[in-house]
Amino acid sequence: MTSKVGATLNVRALDYDGAAEITGLDCSRPFAPETLAEVKSTFQRYPILAFRDQHLTPAQQLAFSLQFGRIEDTENDRYVHPDEPHVLVLSNEVDANGEPLGIADAGDFLHSDLSTRPEPSNLTILHAIKNPSRGGDTEFVNMYN
C-alpha cells in the first residue's frame, strides 16, 4: 500500500512489520522543515525506513544524519571514512595488501548499535554503496510495537 504523505514524499509499507520505503526525496540535499517533519512522523509509524537509490558523498551522509539529531561518534576509529570521520565503513573487501577496507563482521551476529551506552541511540543510518550479488542481508528487529 502506497500513501502520499504531505506534498513531497510517498510512503509504501513493506512486508516487514514496521518497515516502509520512502520515495520522492533526494537525501543528498537538506530537507525543507515541513518535509523533515513528515519524515520524522513517518519514522514514528514505521521505525524501519528505506530511502532507495540515494547517491551520497560521506559529507552528504553526515548532513542527512544531522537532520535527525546529534551524531554519536563511533568507538572504532580504525574504519572511519578517510574524508569524513563521522562515517563508519562496513565492508568485507580488502585492499591490495590484504588489509580490510572496513569492519567485515559488523552484521555477523545479533546486536543493537550502541545499546550499552547510558543513553542508547535513537536510530541507525546505513548507506549501501556496493551490495553483493547474493547474501549480504541486513536484518532488523522491531521491538517498538
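Source: prediction; values computed, not measured.
- In terms of the side-chain contact (heavy atoms from CB on, under 4.5 Å) criterion, residue partners of Leu36 (sequence neighbours excluded) are, by chain and number, Phe31, Lys40, Gln67, Phe68.
- You'll find the side chain of Leu56 reaches within 4.5 Å of the side chain of Cys27, heavy atoms only.
- Applying the ring-ring contact (aromatic ring centres under 6.0 Å, His included) rule to Phe51 yields the partners Phe64; only residues at least two apart in sequence or on another chain are considered.
- Between Leu101 and Tyr79, the shortest heavy-atom contact is C-CD2, 4.2 Å.
- Every pair passing salt bridge (charged side-chain N to carboxylate O under 4.0 Å, His left out) that includes a residue from residues 90-99 is listed here, sequence neighbours excluded: Arg78-Glu99, Glu93-Lys130.
- To the nearest 0.5 angstrom, Leu9 atom CG is 5.5 Å from Thr42 atom OG1.
- Between the Gln54 side chain and the Leu25 main chain, a donor and an acceptor come within less than 3.5 Å of each other.
- Here Ser65 contributes atom OG and Glu84 contributes atom CD; the two are 9.5 Å apart, rounded to the nearest 0.5 Å.
- A side-chain contact (heavy atoms from CB on, under 4.5 Å) with Leu49 holds for exactly one of Ile22, Ile125, Leu123; it is Ile22.
- Residues Val87 and Val80 fail the side-chain proximity criterion, which asks for heavy atoms closer than 4.5 Å.
- Applying the under-4.5 Å side-chain rule to Ile, Leu, Val, Met, Phe, Trp and Tyr, the cluster around Val94 consists of that residue alone.
- His81 pairs by the side chain to side chain donor-acceptor pair (under 3.5 Å) definition with nothing, not counting sequence neighbours.
- Cluster annotation: Leu88 and Leu126 are assigned to the same hydrophobic cluster (Ile/Leu/Val/Met/Phe/Trp/Tyr, side-chain heavy-atom contacts under 4.5 Å, transitive).
- Partners of Asp26 under the side chain to side chain donor-acceptor pair (under 3.5 Å) rule, at least two apart in sequence or in another chain, are Ser28.
- Considering only residues two or more places apart in sequence or on other chains, Ala63 meets the side-chain contact (heavy atoms from CB on, under 4.5 Å) condition with none of them.
- Clustering of Ile, Leu, Val, Met, Phe, Trp and Tyr side chains at separations under 4.5 Å leaves Ile129 isolated, with no partner residue.
- The side-chain contact (heavy atoms from CB on, under 4.5 Å) check on Leu14 picks up Arg12, Tyr16, Ala19, Glu21, Arg52, with sequence neighbours excluded.
- With hydrogens and angles ignored, the 3.5 Å screen pairs a side-chain donor or acceptor of Gln60 with a backbone N or O of Thr57.
- Listed by chain and number, the residues in a side chain to side chain donor-acceptor pair (under 3.5 Å) with Ser41 amount to none (sequence neighbours excluded).
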